[in-house]
Number of protein chains: 2
Amino acid sequence: MARTPRNTLSPDLVIRSALVVMEAKGPDGFSLRGVAAELGVGPMALYTYFRNKDDLYDGIRDHLMGLMPPAPEGLPWPDQVRSVCRDLRILMLQHPCLAQLLASRPLSGNETARVAEGLLSVLRSAGFEPEIAARTHTTLFTYVLGATTWEIQMAQEQSDPDALRRLRASMESLSSRDFPTVIELAPELSRTTGGNTQFNYGLDLLLAGLTARTPS
Amino acid sequence: MARTPRNTLSPDLVIRSALVVMEAKGPDGFSLRGVAAELGVGPMALYTYFRNKDDLYDGIRDHLMGLMPPAPEGLPWPDQVRSVCRDLRILMLQHPCLAQLLASRPLSGNETARVAEGLLSVLRSAGFEPEIAARTHTTLFTYVLGATTWEIQMAQEQSDPDALRRLRASMESLSSRDFPTVIELAPELSRTTGGNTQFNYGLDLLLAGLTARTPS
DNA sequence: ACGTTGTACTATACACTGTACGTTAGGGAA
DNA sequence: TTCCCTAACGTACAGTGTATAGTACAACGT
């Protein structure tokens, strides 16, 4: 039996292969068997390094978070915050599966903590009390999560002709008496370009509210 | 063969059973076979009313959106906006699967359109230009989506003793030299009570930014 | 140099999934 | 009554995560 040599695998190698499979087949087509095949290994081999599929997900998430650049230094704190939020959005757009991984699994891991540390320390240095800093952090994080998840969702929809056709059909079927505003604004609402503008708009609203509460 | 009589099923009945299964077994344990069993029917019977599982998801989502109360009238617009956002959050908390359904499927259906119409018309009446109203709508919606998804996630985590133990372990393993702020604020960040406060904090930030841009 | 042991990987198997396909029976229309 | 349409059925398939048991290899103590 052509048994593969020992120690060809490692947690990191598994994670990288998992990422390859995930980006190739999409989060839905992702399977442990696919990862194992990518590695030329039996499906159960992965269980040496990860307790189960969710555990592997956590590994992938933390690995992706490791790609986040550090918070920039030497800028006014609102610009630092803006920068971190934009970087996270960009990373999520580059790796669409990250959105799902962030939304469906608890946060853990060193890289994830590193990112949190960056944003939190910016807020603390800006003079926010601990509790307010934590609340602000959560608000910013969840805004980026929701906004970017939605952006990815819209983009995928727009790229699937079948989904697009069905969406148009369901729009057409709306009574223009009952939903005048929705119909009036349908083009704006399903706009896929201008994602930057949309994201920055909401982020600036948050930052405007925040700077109005800047500690003395 | 004890064949069930004709026309015992209907799209609405299927959706209601699906909802029962979903709330009983959680979104992960949800399966078409489970729904069929709940209805006392073979798995393939569902395909008479829904093209596939995703189509059924859309039906459930729209059904849940039908539970949204209409936007209140006779209040200043910021209070109307606040009310709609809070109502959506509450609905998502009552039906945790809604968060997932909103994040992973495009919006369609009459009830979903009704909710959008409510918020959009409030914004238009407040004097926002069409494009700004649409952007604001998306911002508010995505904030509620992200914030409440996260809140649900935290709550589920807190209720699973195994997940909680592993989270604590991963917190302990963080170097207090590299992540002083995360460690200092760990209690605040993983706080599960005070979800109202957290949600309202972010919502108020957005509204503060918005009212600062109120059209003349 | 040689058993021994722990471990990295394999093989098999199970319960389960969504759904394609073909069949059958009940109710309404002619 | 006859016929047809269609709602619900049964069967089958490819695929899933993972429990369990087995196997061969590397390192180690003697």
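Residues B:A71 and B:V84 approach most closely at CB-CG2, 3.7 Å, considering heavy atoms.
Listed for the A:D55 side chain is no donor-acceptor partner under 3.5 Å among the backbone atoms of A:F50.
For A:V41, the side-chain atoms get nearest to C:dT10 when compared with the rest of C:dT10, C:dT19, C:dT17. If you check D:dT20, D:dT16, C:dC21 against the side chain of B:M44, the one that comes closest is C:dC21. Picking from D:dC9, D:dG17, C:dC9 the nucleotide with the shortest atom distance to the side chain of B:A45 gives D:dC9. The nucleotide whose nearest atom lies closest to any side-chain atom of A:L9 is, among C:dC9, D:dT18, D:dC9, C:dC9.
Between the CZ atom of A:F50 and the C1' atom of C:dC9 there is a distance of 16 Å, given to the nearest Å. Protein atom OH of B:Y47 is 14 Å distant from nucleotide atom P of D:dC9, rounded to whole Å. When the C1' atom of C:dC9 is taken as reference, atom CG of A:L13 falls 14 Å away, rounded to whole Å. Between B:L39 atom CG and D:dA7 atom P the separation is 15 Å, expressed in whole Å. Nucleotide D:dT16 holds its P atom 13 Å from the CG atom of A:D28, rounded to whole Å. Atom pair B:N52:CG and C:dT19:P shows a separation of 5 Å (rounding to whole Å applied). What separates CG of A:D55 from C1' of D:dG17 is a distance of 14 Å, to the nearest Å. Distance, B:L56 CG to C:dT17 P: 14 Å, rounded to whole Å.
Atom CG in B:L98 sits 13.5 Å away from atom CZ in B:R89 (nearest 0.5 Å).
Checking A:Q153 against B:S104 by side-chain atom types alone, no donor-acceptor pair falls below 3.5 Å.
Annotation: of the two residues near DNA chain D, A:L32 and B:T48, the 5′-most nearest-nucleotide partner is B:T48. The residue among B:R33 and A:S10 whose nearest nucleotide of DNA chain C lies closer to the 5′ end is A:S10.
A cation-pi arrangement is not found for A:R105 relative to A:Y57, the charged atom failing to lie both closer than 6.0 Å to the ring centre and inside a 45° cone about the ring normal.
Backbone-only engagement by A:Y49 is indicated by non-hydrogen atom pairs under 4.0 Å involving sugar-phosphate atoms exclusively.
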